[in-house]
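Shown next, in structure tokens, is the structure this report addresses.
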Amino acid sequence: MRSLFDKRIAPDIRLICGILMLVLTALIYMYQRAFLPSYFFTDETTIIDLMKYTDLSLAEQNSFVSTAVIFSFLGSAWSQVLLLVATCSVIFYISRKSLRLVDLAFAGVLMLSFTLFNLKLSKEIIVILLNLLVCYVCTWRISNHGKTALVIAIYLLYAWQFRIYYVLIAAIMVVMHIVFSTRGKLRAVIVLGIMAACLVLPGDFWNQLQQARDIINMEREGLSDSKTIFSNVLTPNGIMTAFPNAGFAALRFYFAPIFSLRVQEIFLSFTLWLLTFLMFRRHNHKHPLFLLLVANFAIQTFFEPDLGSFFRHLTAYAFCVFGIDYLQPGRILSRHPAAAPAPAHFYRET
């Protein structure tokens, strides 16, 4: 089984799979309004209404308004071109980076949900372009510290202009990078310091993180798209309930079929488990894209209100896993105990 997972994929096979993904994209783009429920187009309707009926320069700034400004500047036709370019760029990227059989399997699974969610005007189109930029930065021949710093800077810039909570994603990446870059007693001291900092943060901070889920779900209860919503298992009350509620959300994501046995839940959990397997299979926990994936998921567990919203956001960053280099731990370099270590690229597959 292990050799099956690690089976290398020939370039011709990757090319054929990429072409098939493009065909799938074209079919879904042309016929999505005929078979997708109306709530799949809620964000697009909101953005189009803002572009048509609102003076965007005077509107209160939020992520929808900021996204509508960009699409308004591009115009209707070029906005469609932008989302197609973003989708095709992701297909090209993951086809090129699918080095092993397990990579190609995940690429096919991911692109089905990716195209269903993202071939329409939405806030995620900007996030997809953001993450493509991050993946490109991670190909630069600079230190891991430098790559991580640039990725964090890009996320902070996006947070400033679009979604302020992306500051929290950047903060988690900083913390994880510091922890993974240290070892021994220093790492233990840093972890204890982080735990102390969490306790010092005011309870209102933790309450706001948790209450967002319940507030949104109260407004949506009874609507046609409310079948996959879930609320906090504990009433928000500072840090004492924040992590149990986040843990419960993680369980809902990973084990969704236990709570509701439908095709959607099975596919969601399968995708998430396969992504997790792929992340840890690469044995590269210090890589900035590994940190990015974990940080995005962690923040989602705090206030994501439903499975559909979680899955949609997941598709916008899950493809970053293909940018994490494979490392080969424990490879025997030589039978001679005094043999000199091999260069760094010996351990990496690109």
Side-chain angles (χ1 to χ4, degrees), residues 1-30 81-119 128-142 144 147 151 267 270-290 292-293 314-333 342-350:
M1 182 63 71
R2 182 175 181 178
S3 60
L4 178 63
F5 284 137
D6 292 338
K7 183 177 177 61
R8 300 280 296 192
I9 301 298
D12 292 346
I13 300 298
R14 299 205 300 266
L15 176 61
I16 292 171
C17 290
I19 293 172
L20 291 175
M21 291 179 198
L22 288 172
V23 172
L24 173 67
T25 297
L27 290 173
I28 291 178
Y29 182 73
M30 289 187 294
V81 170
L82 180 66
L83 69 89
L84 289 174
V85 166
T87 303
C88 292
S89 297
V90 171
I91 292 173
F92 173 79
Y93 182 73
I94 66 177
S95 299
R96 181 171 172 269
K97 291 287 189 176
S98 295
L99 302 178
R100 303 182 179 186
L101 182 59
V102 67
D103 299 335
L104 205 57
F106 181 66
V109 170
L110 175 63
M111 286 313 300
L112 177 58
S113 54
F114 183 95
T115 48
L116 288 174
F117 280 120
N118 296 307
L119 283 175
I128 290 166
L129 294 171
L130 170 83
N131 287 325
L132 282 170
L133 174 61
V134 164
C135 290
Y136 173 67
V137 166
C138 288
T139 64
W140 293 357
R141 302 179 71 86
I142 58 177
N144 196 61
K147 291 177 183 178
V151 171
F267 191 70
F270 177 72
T271 303
L272 184 56
W273 278 108
L274 190 54
L275 170 62
T276 305
F277 175 82
L278 212 60
M279 287 169 58
F280 287 93
R281 189 73 173 175
R282 282 163 153 75
H283 303 288
N284 199 349
H285 305 160
K286 295 182 181 180
H287 196 283
L289 293 179
F290 181 91
L292 180 146
L293 288 164
L314 178 72
T315 62
Y317 65 81
F319 67 87
C320 291
V321 72
F322 292 95
I324 304 175
D325 299 316
Y326 274 102
L327 297 184
Q328 302 299 317
R331 178 179 289 183
I332 299 175
L333 302 181
H345 67 269
F346 185 77
Y347 301 93
R348 183 179 296 114
E349 296 186 26
T350 57

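Along the sequence shown, residues carry numbers from 1. The basis for the numbers below is simple: all heavy atoms, side chains too, and nothing from hydrogens, waters or symmetry mates.
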Does any part of the side chain of [Y], heavy atoms only, come nearer than 4.5 Å to the side chain of [X], both counted from C-beta?
| X | Y | result |
| --- | --- | --- |
| Leu15 | Ser95 | no |
| Ile9 | Ser98 | no |
| Phe267 | Leu112 | yes |
| Leu119 | Leu84 | yes |
| Ile94 | Met21 | yes |
| Arg282 | Asp325 | no |
| Ile28 | Leu116 | yes |
| Phe114 | Thr25 | no |

Q. Within the distance-only criterion (no hydrogens, no angle test), does the side chain of Lys147 pair as donor or acceptor with the backbone N or O of Cys138 below 3.5 angstrom?
A. yes
Q.
Just by distance, no angles: are the side chains of Asp103 and Tyr326 close enough, under 3.5 Å, to form a donor-acceptor pair?
A. yes
Please give me the minimum heavy-atom distance between [X] and [Y], naming the atom from each residue.
| X | Y | value |
| --- | --- | --- |
| Ala86 | Leu129 | CB-CD2, 3.8 Å |
| Leu132 | Ser89 | CD1-CB, 3.7 Å |
| Ser113 | Thr315 | OG-CG2, 3.6 Å |
| Leu289 | Cys135 | CD1-SG, 4.2 Å |

How many angstroms lie between [atom1] in [X] and [atom2] in [Y], if you round to the nearest 0.5 Å?
| X | Y | atom1 | atom2 | result |
| --- | --- | --- | --- | --- |
| Thr115 | Leu22 | OG1 | CG | 11.0 Å |
| Leu314 | Leu272 | CG | CG | 6.0 Å |
| Arg8 | Arg100 | CZ | CZ | 6.5 Å |
| Ile324 | Phe322 | CD1 | CZ | 10.5 Å |
| Leu83 | Ile128 | CG | CD1 | 9.0 Å |
| Cys320 | Lys97 | SG | NZ | 12.0 Å |

Q: Show your working on side chain to side chain contact (heavy atoms under 4.5 Å, CB included) between Phe106 and Thr271 and close with a plain yes or no.
A: CA-CA 8 Å; Phe106 181 66; Thr271 303; 4.0 Å; yes
Q: Go through the steps to decide whether Val102 and Leu278 satisfy the test side chain to side chain contact (heavy atoms under 4.5 Å, CB included), and finish with yes or no.
A: CA-CA 7 Å; Val102 67; Leu278 212 60; 3.5 Å; yes
Q.
The test is side chain to side chain contact (heavy atoms under 4.5 Å, CB included); show your working for Asn131 and Leu292 and say whether it passes.
A. CA-CA 9 Å; Asn131 287 325; Leu292 180 146; 4.0 Å; yes
Q: Go through Val321 and Leu110 one step at a time and tell me if the side chain to side chain contact (heavy atoms under 4.5 Å, CB included) criterion holds.
A: CA-CA 11 Å; Val321 72; Leu110 175 63; over 6 Å; no
